[in-house]
2 protein chains.
Amino acid sequence: MAKEKGQPEINKAFTEECNKVLTAVSDALYVIGGKWKLMIIIAMARGNNRFTELQRQITGISARVLSSELKELEINGFIEKKVTVGYPVTIEYQLLPYSHMLEELVGAMTKWGIQHREKIKSERASGGATSVRV
Amino acid sequence: MAKEKGQPEINKAFTEECNKVLTAVSDALYVIGGKWKLMIIIAMARGNNRFTELQRQITGISARVLSSELKELEINGFIEKKVTVGYPVTIEYQLLPYSHMLEELVGAMTKWGIQHREKIKSERASGGATSVRV
DNA sequence: CGGCATCCAAATAGATACTG
DNA sequence: CAGTATCTATTTGGATGCCG
């Protein structure tokens, strides 16, 4: 139902709401999409503030990629780079308040990711064809 | 704080929780990451069930990409392809119950995306350097 | 330690044309 | 309408080496 040509006003409201959501999600994916950005923010929220710490915590990220992702996160107002001058110069990345607005999103994604892995596991027991990277 | 070497047990609990979240988010991104999968599910949840409808609703997706994304969504248990034999054969895609588990995630992402666009807009008024695709 | 430069491989996606 | 095929362009990212 809801696809006949009879009631165009109903479809129109649906289409507008749909467009709104699509635009918003598309916006979100544009800034925090990709494999790494959210992961970096998550790791930083747990106290990993140094370049090398982040590289160690986030499995599989290379220095080149980490470096460029940090730059983008900085440009987009999620993090800040702090250079402390001293005998060994230390460089730390700090989350800015704006990144805390991602907490709800991260929470939802975490929850879903856990559920999904459970689902895959129970399907493995039977014999479904699904995909998770190992 | 929380980076000295004094209290290793505290850091350890943090690291474990961190790994758990990172794994979950990584899992989630693996299945629903990319530009299109969530968008397709959103559009389908609003009554777009035909190939061409989806292509019209989702700005910028090509037939080739839509086709392959639909296949992956089917493999991963989010949607189902229904072929109705008849004089004009009709093909419809239906969301499966599993895809409804994404609603909370989609909601959080929508909310964030809207907030982000607002933020960018108000920054444009002053003169920040951020990025949104136009 | 915190990167940048370079090179290269692979994934992703756009354009276009064609089909039953 | 619902795709497939092909070819190409762009993006992404891994590996390695180097630098202050």
Side-chain angles (χ1 to χ4, degrees), chain A residues 3-5 22 25-26 29-40 43-44 47-76 79-94 131-134, chain B residues 3-5 22 25-26 29-40 43-44 47-76 79-94 131-134:
Chain A
K3 72 177 203 297
E4 314 303 329
K5 294 161 182 179
L22 285 177
V25 169
S26 173
L29 288 175
Y30 185 74
V31 220
I32 55 162
K35 268 163 86 173
W36 304 116
K37 297 213 178 58
L38 275 182
M39 314 264 284
I40 292 169
M44 286 182 65
N48 302 280
N49 301 313
R50 309 287 297 269
F51 191 92
T52 313
E53 273 177 357
L54 287 168
Q55 218 188 333
R56 204 172 29 230
Q57 183 71 245
I58 302 171
T59 314
I61 198 167
S62 70
R64 193 177 69 82
V65 172
L66 178 55
S67 171
S68 78
E69 297 282 293
L70 286 171
K71 253 169 223 158
E72 277 186 63
L73 288 173
E74 199 181 356
I75 289 173
N76 284 311
I79 68 173
E80 197 179 28
K81 180 178 181 174
K82 286 216 169 163
V83 181
T84 307
V85 283
Y87 310 100
V89 172
T90 59
I91 296 169
E92 285 202 350
Y93 295 91
Q94 304 287 343
S131 65
V132 225
R133 94 192 144 324
V134 188
Chain B
K3 72 176 203 298
E4 314 303 328
K5 294 162 183 177
L22 285 177
V25 169
S26 174
L29 288 175
Y30 185 74
V31 219
I32 54 162
K35 269 165 88 175
W36 304 117
K37 296 211 178 58
L38 275 181
M39 313 266 283
I40 292 169
M44 286 182 65
N48 301 280
N49 301 314
R50 308 289 298 267
F51 192 92
T52 314
E53 272 176 357
L54 287 167
Q55 219 190 333
R56 203 171 31 229
Q57 183 71 245
I58 302 171
T59 314
I61 199 168
S62 70
R64 194 177 68 83
V65 172
L66 178 55
S67 171
S68 78
E69 297 282 293
L70 285 171
K71 254 169 222 160
E72 276 186 63
L73 288 173
E74 199 181 356
I75 289 173
N76 283 312
I79 67 171
E80 198 180 26
K81 181 178 181 172
K82 287 216 168 160
V83 181
T84 307
V85 283
Y87 309 101
V89 172
T90 59
I91 296 169
E92 285 202 350
Y93 294 91
Q94 304 287 343
S131 66
V132 226
R133 91 191 148 323
V134 188

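Order of the sequence lines sets the chain letters (A, B, ...), proteins ahead of strands, with each chain counted from 1. Below, all heavy atoms of this structure are taken into account, side chains as well, without hydrogens, waters or symmetry copies.
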**OP:** Would you mind telling me which residue lines up with the more 5' stretch of DNA chain D, A:Ala63 or A:Gly34, judged by nearest nucleotide?
**Re:** A:Gly34

Using whole Å, what does the distance between atom [atom2] of nucleotide [N] and atom [atom1] of [X] come to?
X	N	atom1	atom2	answer
A:Gln55	D:dT16	CD	P	14 Å
B:Ile91	D:dT4	CD1	C1'	13 Å
B:Leu29	D:dG13	CG	P	12 Å
B:Asn49	D:dA2	CG	P	11 Å
A:Lys37	D:dT11	NZ	P	14 Å
A:Lys71	D:dG13	NZ	P	15 Å
A:Tyr30	C:dT12	OH	C1'	16 Å
B:Leu54	D:dC1	CG	P	12 Å

Quick one: is [X] getting a side-chain N or O under 4.0 Å of the [N] phosphate, OP1 or OP2?
X	N	value
A:Lys35	C:dT12	no
A:Ser62	D:dG13	no
B:Trp36	C:dT12	no
A:Arg50	C:dG2	yes
B:Ser67	D:dG3	no
B:Lys81	D:dG3	yes
A:Tyr87	C:dC1	no

Identify the heavy atoms of [X] and [Y] that sit nearest to each other, and give their distance.
X	Y	result
B:Leu29	A:Lys35	CD1-O, 3.9 Å
B:Ala43	B:Gln57	CB-CG, 4.1 Å
B:Gln55	B:Leu66	N-CD2, 3.9 Å

**OP:** State whether the distance check finds a donor on one side and an acceptor on the other, under 3.5 Å, for side chain B:Arg64 versus base C:dA13.
**Re:** yes

Original post:
Taking NZ, NE, NH1 and NH2 as the nitrogens, is one of them in A:Glu74 or A:Lys81 under 4.0 Å from a carboxylate oxygen of the other?
Top reply: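 No, this pair does not count.
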
Original post:
Between A:Leu70 and B:Ile61, which has a closest nucleotide on DNA chain C that is more 5'?
Top reply: A:Leu70

Subject >> Per B:Phe51 side chain, nearest of listed nucleotides C:dC1, D:dG3, C:dA13 >> reply: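 Selected nucleotide: D:dG3.
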
Original post:
Are the side chains of A:Ile61 and A:Ile58 in touch, meaning some heavy atoms are under 4.5 Å apart?
Top reply: yes

